[in-house]
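Report on the following structure.
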Protein chains: 2
Amino acid sequence: EDVVVSGVALDKNQTRIVVSDLPDRPGTAAKLFQSIAKADVSVDMIVQNIGRKGLANMTFTVARDDTFRAEQAVANFFGDGEKGAAHFSADDIAKVSIVGVGMRTHTGVAAKLFESLASAGINIQLISTSEIKISVAIAPDDAEEAVRVIHKAFALED
Amino acid sequence: EDVVVSGVALDKNQTRIVVSDLPDRPGTAAKLFQSIAKADVSVDMIVQNIGRKGLANMTFTVARDDTFRAEQAVANFFGDGEKGAAHFSADDIAKVSIVGVGMRTHTGVAAKLFESLASAGINIQLISTSEIKISVAIAPDDAEEAVRVIHKAFALED
Ligand SMILES: C[C@@H](O)[C@H](N)C(=O)O
Ligand SMILES: C[C@@H](O)[C@H](N)C(=O)O
């Protein structure tokens with residue numbers, strides 16, 4: 001399958017909310033997202049990596065205007081006794097994605113994306129992929145530069 | 001946007017490779033994926049969550065048959081001096097995804113998916129999302145039960 005990276009998408013208007021040291025057992029993610037859904041907060045990215053020592057971190061991103069409501073939903077989740085060692089924090093991010101067919105079978109595309117960001121000294125905070133898309137979260141100040149170097153790396157129209 | 005969860009996809013044949021305690025600075029992801037691309041290993045999911053204390057964990061999944069080659073690619077990456085405190089491990093997983101339009105704006109869909117897995121006592125190891133898909137990694141032994149409870153939760157045809 002030939003890879004055609006057809007474009008770069010940028011959303012500078014997101015906030016990432018990291019809920020750390022959650023009990024890594026069935027039901028935790030369900031309770032957290034029940035609380036977020038009850039608050040009627042739309043979530044964009046949801047990222048969870050493998051836990052360690054029985055604890056896991058979950059990160060989700062929301063539109064910046066929804067940050068306060070999302071934080072309240074997380075606080076309500078804690079109020080229900082789920083706490084343990086868990087804590088949460090919120091920070092502004094920009095989400096940059098490359099879109100195209102055949103992404104999945106081409107590790108070279110991921111390497112090229114990461115190289116272009118590294119060349120500009122841009123640190124990757126979050127990574128999430130699907131068959132047609134690779135998304136990364138970076139600092140909002142790096143957004144324009146990221147789009148510029150990715151356009152260049154994949155020879156996309158400006 | 002109405003949500004239409006149109007189906008459940010299952011891939012029981014994956015391995016997750018976790019590379020832990022990587023230096024969380026520009027260039028690390030590029031070097032790791034250059035090594036994986038050089039070994040011509042196709043990667044499915046790539047998941048990275050926010051780092052802590054300057055270290056980050058990156059997880060990627062490959063077809064089970066590619067495990068050995070992927071592990072060698074990671075070992076080569078370490079050989080280049082990138083190591084630090086980093087280490088890696090590999091485990092079999094099953095990847096279960098729900099697919100449909102409008103997923104992103106409906107946190108309730110994510111909550112329902114997580115609830116259905118929790119009801120079956122299935123622990124979620126990894127989560128990765130896109131506009132049209134939510135994917136989770138679970139233990140391979142839980143795969144059939146996961147598909148069953150998700151079908152039921154979203155009233156999908158068997
Ligand atoms: C951390 C969270 O995902 C947990 N493993 C669960 O299944 O709910
Ligand atoms: C951990 C890795 O993603 C690192 N932050 C980088 O930008 O390469």
Side-chain angles (χ1 to χ4, degrees), chain A residues 16 18 20 24-37 39-52 56-60 91 104-108 110-137, chain B residues 16 18 20 24-37 39-52 56-60 91 104-108 110-137:
Chain A
R16 64 161 161 87
V18 185
S20 309
D24 190 6
R25 53 166 187 256
T28 304
K31 285 203 189 75
L32 176 61
F33 273 82
Q34 275 163 358
S35 182
I36 296 167
D40 203 23
V41 173
S42 281
V43 163
D44 184 5
M45 293 170 86
I46 307 173
V47 178
Q48 180 199 321
N49 205 338
I50 306 292
R52 277 166 96 173
N57 303 330
M58 290 182 76
T59 299
F60 63 93
D91 274 300
R104 217 180 81 181
T105 49
H106 290 270
T107 315
K112 200 172 188 179
L113 169 67
F114 301 154
E115 277 163 47
S116 68
L117 296 172
S119 70
I122 295 172
N123 195 47
I124 302 166
Q125 297 181 17
L126 285 171
I127 301 173
S128 177
T129 60
S130 76
E131 278 70 6
I132 55 162
K133 198 170 178 171
I134 302 177
S135 297
V136 294
Chain B
R16 65 161 160 87
V18 185
S20 309
D24 190 6
R25 54 165 185 259
T28 304
K31 284 203 191 72
L32 176 60
F33 273 82
Q34 276 162 0
S35 183
I36 296 167
D40 202 25
V41 173
S42 280
V43 163
D44 184 5
M45 294 170 87
I46 305 173
V47 178
Q48 180 199 321
N49 206 337
I50 307 291
R52 276 165 100 173
N57 303 329
M58 291 183 73
T59 299
F60 63 93
D91 274 299
R104 217 179 84 180
T105 50
H106 288 270
T107 315
K112 200 173 188 177
L113 169 66
F114 301 154
E115 278 162 46
S116 67
L117 296 172
S119 69
I122 296 172
N123 195 47
I124 302 166
Q125 298 181 16
L126 286 171
I127 301 173
S128 177
T129 61
S130 76
E131 277 70 3
I132 55 162
K133 197 171 179 171
I134 302 176
S135 297
V136 296

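Every value quoted in this text rests on a predicted model; they were computed, and no experiment measured them. All chains are named by letter (A, B, ...) in the order of the sequence lines, taking the proteins before the strands, and each is independently numbered beginning at 1.
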Hey, which of [options] has the most heavy atom pairs under 4.5 Å with chain B?
| options | answer |
| --- | --- |
| A/Asn57, A/Ile36, A/Leu32 | A/Asn57 |
| A/Ser135, A/Gly51, A/Pro26 | A/Pro26 |
| A/Ile50, A/Val47, A/Thr59, A/Asp91 | A/Ile50 |

Could you go through residues 111-124 of chain A and list every donor-acceptor pair under 3.5 Å that involves a side-chain atom there, pairing it with any protein atom two or more places apart or in another chain?
residue	atom	partner	partner atom	Å
A/Lys112	NZ	A/Ala153	O	3.4
A/Glu115	OE2	B/Gln34	NE2	2.9
A/Ser116	OG	A/Leu113	O	2.7
A/Ser119	OG	A/Ser116	O	2.6
A/Asn123	ND2	B/Asp24	OD1	3.2

A/Val18 versus chain B, the contacting section by heavy-atom distance below 4.5 Å: side chain
Toward chain B, the part of A/Ala29 with a non-hydrogen atom under 4.5 Å: both
Heavy-atom side-chain contact between B/Leu126 and A/Asn49 under 4.5 Å: yes
Expected output: side-chain B/Ser128 to main-chain A/Thr129 donor-acceptor under 3.5 Å: yes
CD1-CD distance between B/Ile132 and A/Glu131, expressed to the nearest 0.5 angstrom: 7.5 Å
A/Ser130 OG to B/Ile134 CD1 distance, which is reported to the nearest 0.5 Å: 12.5 Å
